[in-house]
Amino acid sequence: MTPNLPEGIAAADFSRLLEELSGVVGKSWVFVDELPLSSYRDAYSPLADGTLLPSAAVAPENIEQIQKILAIANNYRAPLWTIGTGRNFAYGGPAPRKSGYVILDLKRMNRIIEVNEKYGYALVEPGVSYMQLYRHLQRIGSKLWIDPAAPAWGGVMGNALEHGAGYTPYGDHFIMQCGMEVMLPDGQVVRTGQGGIAGSKNWQISKHGIGPQFDGMFTQSNFGVVTKLGIWLMPEPPGYKPFMITFPREEDLEQIFEITRPLKVNQIIPNAAVAVDLLWEASAKTTRRHYYDGKGPVPPSVRAKIASDLDLGMWNFYGALYGPPPMIENNWKVIEDAFGSIPGAKFHFARENDPAWDYRVKLMRGEPNMTEFSIMNWIGGGGHVNFSPISAPNGAEAMSQYNLIKQRCHQFGFDYIGEFLVGWRDMHHILMIMYNRADEAMRKSAYDLFSLLVDEAADAGFGEYRTHLAFMDQIAKTYRHNDGALWDLHHRLKDVLDPNGILSPGKQGIWPKAARG
Amino acid sequence: MMNELNRRDLLGAGLVTAGLAGVAGLGSVPARGEPVRVVRQQGIPESIRFSDALASEVPTASALEVGPGLDELFGYRPSGKGVIAGLTSDPVAMIAGQLLVEAGATPILRWDHSYGAGRWTHRIAGQPGFAGVSQFTWPAVAAMRLRDELAGRAAGPRESVCASEICGLSARSPGFLVTWAFRLDGGVR
């Protein structure tokens, strides 16, 4: 028995809780021993080791079991932390928001319920990974593409619920979801949109129905357990042209996004285009220790050598064109003329022995892989946490955000390792703060840097779109328009839907009444 | 150079178990003759040397080749009894560890090898033994040590940090590697 009990639950009650959970799913699917529970740690946590540990985990295999688990949790007022595949690393992975929570692990619910070739969608359960869906489509000879996040083991549902992004034209995963089945904390099952019609065949075709649309409410939240999700899949296009453009100067960033904005808004570049900084790009093929053994950020002279050795720019812009070849060639002319106006811009359509190019080309055509994990070799020791502010695709704004963040990274002794990803109208800036997780001082410094960046970005008007467990409360407080009215609304909903506060307390800074004080 | 390792060193990504007390003897060592699957990471010279050395020393060893996309790790379904081991980059060690623990495997050991200031530093079980070993041969030494662990000739519970002489770093080496091993007892979940 672990001593790491949920807050407010006595040991005897906890034992009874576990017995009751075992009665629902079977003893072998309730985990209390240290070894199986160790797989629910955040391997890359910016917090001190062992800060966030569950008391137990329970793994149901169907919604009837979830229903019973919720009833038991309500009875004991036991906090459950819901995970799908649990691969949300850099944002907390499978770890709970607080120690002692019971993990509600939905990995066993990994059925691909439907693939509809005609209309281009799939209906999946929470445990379905990108790799699993990809392999399934291959096995059945489907001509549909998935849009994977960079790590192939990520969950199709989980990533959409976390507002994650991919790299094909279907890169905004929440926009591409269509139709959810959700279990509310009291065990009631609801289907959103057309799913509300009994026997509807159009659940995955349209998000709209009569009345309010609730899908967004169940993303990055703790108002229910999503048990099924529809996701639109892109039909394989007749042509595909990936490209990379390298730019030699850091200050080119401003012009890159002035040019990108109209190309994106007008859908000349249809996919989630990304401008990757030198070190992110380099780290997929070399490490810092090959170039620089000193403390602090890599000096400009060394950066220049890395760029020269690896034929990279200070910014490396990836995009792709899809469709009939004549259309691709027409659009390419527009892109080439536009970016060719930046002095030193260099166009690449194939690169030898370049794993970064290879994995980006795969991602932009919907092939999942895990290559991006290799960038963790840059420092060694694997720790990383992603700071992800949103801004407009505006050159001056990108430059100002880049300068602010780079300066702070350098001040704290870190390299700036980041990318800007452009969606429909938005730009996600992903800063990867990398540290050796065995180096406590470095880890603490990464934490402090992140925390400072949250406040400074908020002061400059930027909010994060996603965050690590450790910073959820801090970031929630930066949404302070009208005295924090948005989080007041979240809390009012939480209190009505989940009065006992059993579902993922503290997720995204949304706490049950009892925990708000 | 001998140092005690702290808990965080041992509980690195994936190979985490709150109850692990030391580097050696973390799980029960598999019986002789059990199959050993060695994860061999393409393009990483140390991983290839380790795999080759282990294959030549352990008759039951066979390699699982892993490319840069790591797809093979997802295609691999551990089953039956045996050991899965590797000398790989840290991210691969983390990913393999996560998948294996979820599959019900038990960690046997984790040794870290990092390059800095012109030398390799090895955090290993037992007495230091890498001091005079070249950058080219240390993976084979690690393989021999693992072989001894698997044969029940464990170096003992004490951990040590051992730095090599000044040496180079291969252009294709990630410079931070992990020797790891897990045991499957046949009860895959």
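Predicted model, so just to flag it, every value in this text is computed and none were measured.
- When all heavy atoms of B:Ala105 and A:Leu35 are compared, the closest pair comes out as O-CD2, 3.8 Å.
- Between the CD1 atom in B:Ile95 and the CZ atom in A:Phe373 there is a gap of 5.0 Å [rounded to 0.5 Å].
- For chain B, the nearby part of A:Pro368 is the backbone; its heavy atoms alone come within less than 4.5 Å.
- For the set B:Gly67, B:Ser114, B:Gly43, B:Ala117, the entry with the most heavy-atom pairs within less than 4.5 Å of chain A is B:Ala117.
- Separating the CE atom in B:Met94 from the CE atom in A:Met376 is a distance of 8.0 Å, to the nearest 0.5 Å.
- Proximity to chain B is absent for every atom of A:Arg108, based on heavy atoms less than 4.5 angstrom apart.
- Here B:Gln98 contributes atom CD and A:Ser38 contributes atom OG; the two are 8.0 Å apart, rounded to the nearest 0.5 Å.
- Looking at A:Thr371, both its backbone and its side chain come within 4.5 Å of chain B, counting heavy atoms on both sides.
- Residues B:Ser173 and A:Thr287 form no side-chain contact, since every pair of their non-hydrogen atoms from C-beta on lies 4.5 Å or further apart.
- Applying the salt bridge (charged side-chain N to carboxylate O under 4.0 Å, His left out) rule to B:Arg49 yields no partners; only residues at least two apart in sequence or on another chain are considered.
- Panel note: side chain A:His290, backbone B:Ser170; a donor-acceptor pair is recorded below 3.5 Å.
- Interface remark: of the candidates A:Ala152, A:Gly381, A:Gly93, A:Ser129, A:Gly381 forms the most heavy-atom pairs closer than 4.5 Å to chain B.
- Residues B:Pro91 and A:Ser374 come closest through the heavy atom pair CG-CA, 4.4 Å.
- Residues forming a salt bridge (charged side-chain N to carboxylate O under 4.0 Å, His left out) with A:Lys362 (at least two apart in sequence, or on another chain): none.
- Neither the backbone nor the side chain of A:Trp378 comes within contact range of chain B; no heavy atoms are under 4.5 Å apart.
- The structure places CG of A:Asn369 at 6.5 Å from CG of B:Asp71, a figure rounded to the nearest 0.5 Å.
- The contact list for residues 83-91 of chain A toward chain B, using heavy atoms and a distance under 4.5 Å, reads A:Arg87, A:Phe89 by residue number.
- Interatomic distance, OG of A:Ser39 versus CG of B:Leu99, reported as 10.5 Å (0.5 Å rounding).
- For the atom pair CG (B:Asp90) and CG (A:Asn436), the distance works out to 8.0 Å, reported to the nearest 0.5 Å.
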(request) Start with the C-alpha distance between B:Leu169 and A:Arg289, add both sets of side-chain angles, then the distance that settles side chain to side chain contact (heavy atoms under 4.5 Å, CB included), and finish with yes or no. (result) CA-CA 9 Å; B:Leu169 176 66; A:Arg289 49 175 55 83; 3.8 Å; yes
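- Within the 4.5 angstrom heavy-atom criterion, no atom of A:Tyr359 approaches chain B.
- Evaluation of the ring pair (Phe, Tyr, Trp, His ring centres under 6.0 Å) rule for A:Tyr134 yields no partner, not counting sequence neighbours.
- Counted within 6.0 Å of CZ on A:Arg135, heavy atoms from surrounding residues, nucleotides or ligands total more than 12; the atom is thus considered enclosed.
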